[in-house]
Structure formats: structure tokens, C-alpha cells
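Notes for the one structure printed next.
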Amino acid sequence: MNLITPAEHPFAQFVRILGKGKRGARGLTREEAREAMGLLLDGKVEDTQLGAFLMLLRHKEESAEELAGFTEAIRPRLAAPDIQVDLDWPSYAGKKRHLPWYLLAAKALAASGVRIFMHGGGAHTAGRMYTEQLLEQLDISCCDGWQAVETALDKHNLAYSYLGNWMPALQRMIDLRNTLGLRSPIHSLARVINPLGARCGLQSIFHPGYQAVHREASGLLGDHAIVIKGEGGEIEVNPDGACHLYGTLNGENWDEEWPALSAQRHVKPERLDPAVLGAFWRGEHDDPYGRLAVIATMAVALRGLGLAREAAFQQAQQRWDARLQSNQPII
């Protein structure tokens with residue numbers, strides 16, 4: 001029996017803010033989010049508090065202010081060197097309906113001189129195909145530290161790094177997915193971080209309504225970003241439907257609606273065969289859906305680097321056609 005009331009844990013206030021009933025609960029301010037994430041990253045939170053915090057956020061749905069505050073706590077703790085990057089390319093969703101054509105888009109852009117930092121959180125959900133599972137086959141460098149990232153970028157213009165290598169506390173939260181039964185907000189947060197301060201951060205948010213929230217978060221952080229509803233949650237344009245671009249640059253938001261590229265929907269493949277990607281890259285196999293997805297995805301990336309839509313598509317096609325003429329490794 002406790003005869004003296006124990007002191008409240010410093011993190012308890014943040015659980016209380018989110019969970020104090022229908023009338024008493026509210027979202028975190030940007031400052032509160034920054035402080036809460038700092039305690040999480042510094043290991044000053046109990047596991048029970050972590051689970052409660054993540055699921056309360058998941059139920060409420062994270063705000064732009066919360067995402068910005070969390071990111072402001074993460075960035076100073078990254079210990080990342082000054083590495084020049086054109087595109088930040090988060091890859092956390094995995095694919096289940098179509099092959100990951102975005103990987104070929106990234107490779108072709110890199111072959112043309114665009115420096116791309118790609119990062120992901122591992123294979124956390126059954127039935128999906130993840131970037132991490134294809135890195136060796138597609139000859140994309142998997143880097144375990146910032147020095148390796150810089151070396152890969154200097155050599156190939158494309159580097160991938162597992163979130164657990166540079167922010168293990170966040171990776172642990174993602175890995176709770178199968179313990180808690182739901183994805184946590186960390187899956188969304190990882191797309192905003194832009195750890196190396198790339199010229200443009202690309203983000204794919206599948207669920208409607210979240211795209212504008214992510215744009216607002218990037219705007220609050222002063223980042224240049226383009227957010228789309230990518231196929232399967234990855235940064236990949238689905239050519240069978242319209243693609244809305246949610247952009248922010250220098251504190252100003254902009255929107256563009258790109259029409260569907262195909263008059264009829266393509267038939268979904270019966271199974272996903274990764275070998276098709278290599279054959280397509282080498283020009284040994286054609287895939288009508290994949291061809292449109294690759295070019296359109298490259299165009300979105302080039303739009304992020306300042307080209308208008310028409311010029312972006314022209315450049316995308318030219319860079320794709322020239323992909324095998326560079327000194328980049330061939331799949």
C-alpha cells in the first residue's frame with residue numbers, strides 16, 4: 001500500500017492531453033510535440049506510455065503541428081553530416097497490387113545525375129513487397145551509416161538506408177506494428193523527416209485527407225515538398241487515375257491535377273515477379289502499365305526540382321531512354 005502519492009512521470013502529461021475523454025482531450029501543440037518526441041528519442045519513456053501515446057495519436061490522427069514538432073525533435077539528434085541531396089525519397093509502404101516501378105524511376109533519375117536519398121522501415125506488413133527486399137537485385141546501395149550514404153551518392157547518385165541505422169528509436173516504434181495491431185503515426189512521420197535536407201522531399205500518403213496535412217507540416221518546417229497519393233502508398237504515380245500534386249515551396253502552397261495517362265485501367269498482374277523489373281530496365285521486356293508509371297513518377301520528381309509538367313515529362317522520357325548510356329551499374 002502506498003501511503004505517499006508517487007511523483008507523476010514527466011511523460012504522463014502528454015498521454016493525458018491526448019486521452020482525457022471526448023471533452024477533455026486535444027491535440028498536442030507544436031512545442032508539446034517537440035518535447036514529447038524528445039523524451040521518446042532519449043529513452044525517458046516507459047513502454048506502457050509509448051504504446052498508449054502511439055495508439056491515442058493513431059486514433060485521433062496526427063496534425064500538421066504535431067508532425068512538425070516531432071520532426072524538430074528528430075533532426076538535431078540525427079548527427080548527419082552535410083551531404084548534398086536533390087530528392088528525399090521515403091519508402092515505407094511496400095507494394096501488393098503492382099510491382100515497385102518507382103525503384104526504376106529512381107534508378108533512371110540517378111543515372112541522369114539526380115542525387116537521391118531513399119530510406120525505409122523494413123518489411124513490417126505481410127503480403128507486401130518492400131524496397132529492402134529488392135536492393136541487391138536492383139543494384140541499389142544499402143548503406144549502414146552516413147559515410148556509406150555519402151560514398152554511394154558520390155558514386156551512384158542513389159543511396160538507401162534503413163531507418164534503424166540512423167534513428168533506431170523510431171524504427172522500434174514502427175516495429176511495434178504487429179504488437180499493437182495497427183500502424184503507428186511513425187509511418188507517416190518518417191515521410192516528413194527529410195534527414196539530409198534535400199532540395200525537395202517527395203511524400204506519398206495513401207489515405208485521403210492526409211496529403212494536405214503532410215504538406216502543411218513540411219511548410220511549417222520550411223521545406224520544399226510534393227505530396228501525392230501514390231500507388232500502394234509508395235512514391236509512384238498510378239497511370240490509371242488522376243494524380244493530384246500537393247506542393248509547398250518557400251511557405252507558399254500550390255496544387256496541380258495531372259490527368260490519367262491511360263484511357264482504360266490496366267489489368268492487375270496475377271502475381272508480382274521482381275525479375276520483370278530487371279528485364280524491363282534492360283529493354284528486354286515491355287510492360288504498358290510499368291512504362292507509364294515509371295515516366296510519370298520521374299516527371300513528379302522532376303517537377304519537384306523545378307520543371308513544369310510538360311518539360312518534366314519530356315525530360316523524364318529522355319532520361320529514361322538514356323538510362324543505359326551512363327556509367328551506372330546495370331541490373
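The chain is numbered in sequence order, starting from 1.
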ask   = Just how far is it from atom CD of Q49 to atom CG of L39, taken to the nearest 0.5 Å?
value =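 Interatomic distance, Q49 CD to L39 CG, rounded to 0.5 Å: 9.0 Å.
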message = Within this structure, what is the CZ-CD distance for the pair R128 and E234, rounded to the nearest 0.5 Å?
response =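 Result: 8.5 Å between the selected atoms.
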Salt bridge flag under 4.0 Å for residues [X] and [Y]:
| X | Y | value |
| --- | --- | --- |
| E231 | K95 | yes |
| E236 | K229 | no |
| E150 | R115 | no |
| R77 | D42 | yes |

For [X] and [Y], does a side-chain donor sit closer than 3.5 Å to a side-chain acceptor?
| X | Y | answer |
| --- | --- | --- |
| T29 | E65 | no |
| W254 | E252 | no |
| S188 | Y92 | no |
| D82 | Q84 | no |
| S112 | Q315 | no |

Does atom [atom1] of [X] have more than 12 heavy-atom neighbours, drawn from other residues, nucleotides or ligands, at distances under 6.0 Å?
| X | atom1 | answer |
| --- | --- | --- |
| D286 | CG | yes |
| E8 | CD | yes |
| H59 | NE2 | no |
| E310 | CD | no |
| K268 | NZ | yes |

How about [X] and [Y]: are their ring centres within less than 6.0 Å of each other?
| X | Y | result |
| --- | --- | --- |
| Y246 | H214 | no |
| H119 | Y160 | no |
| W320 | W281 | yes |

ask   = Can you say whether the rings of Y289 and H266 are parallel (under 30°), tilted (30 to 60°) or perpendicular (over 60°)?
value =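 Perpendicular.
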query = Any side-chain heavy atom of H187 within less than 4.5 Å of one from R191?
reply =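 Touching, per the 4.5 Å side-chain cut-off.
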ask   = Do L245 and V227 share a hydrophobic cluster (ILVMFWY, side-chain heavy atoms under 4.5 Å, transitive)?
value =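 Per the 4.5 Å side-chain linkage, L245 and V227 are not co-clustered.
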ask   = Does W166 have R75 sitting over its ring (NZ/CZ under 6.0 Å from centre, angle to axis within 45°)?
value =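 No cation-pi geometry.
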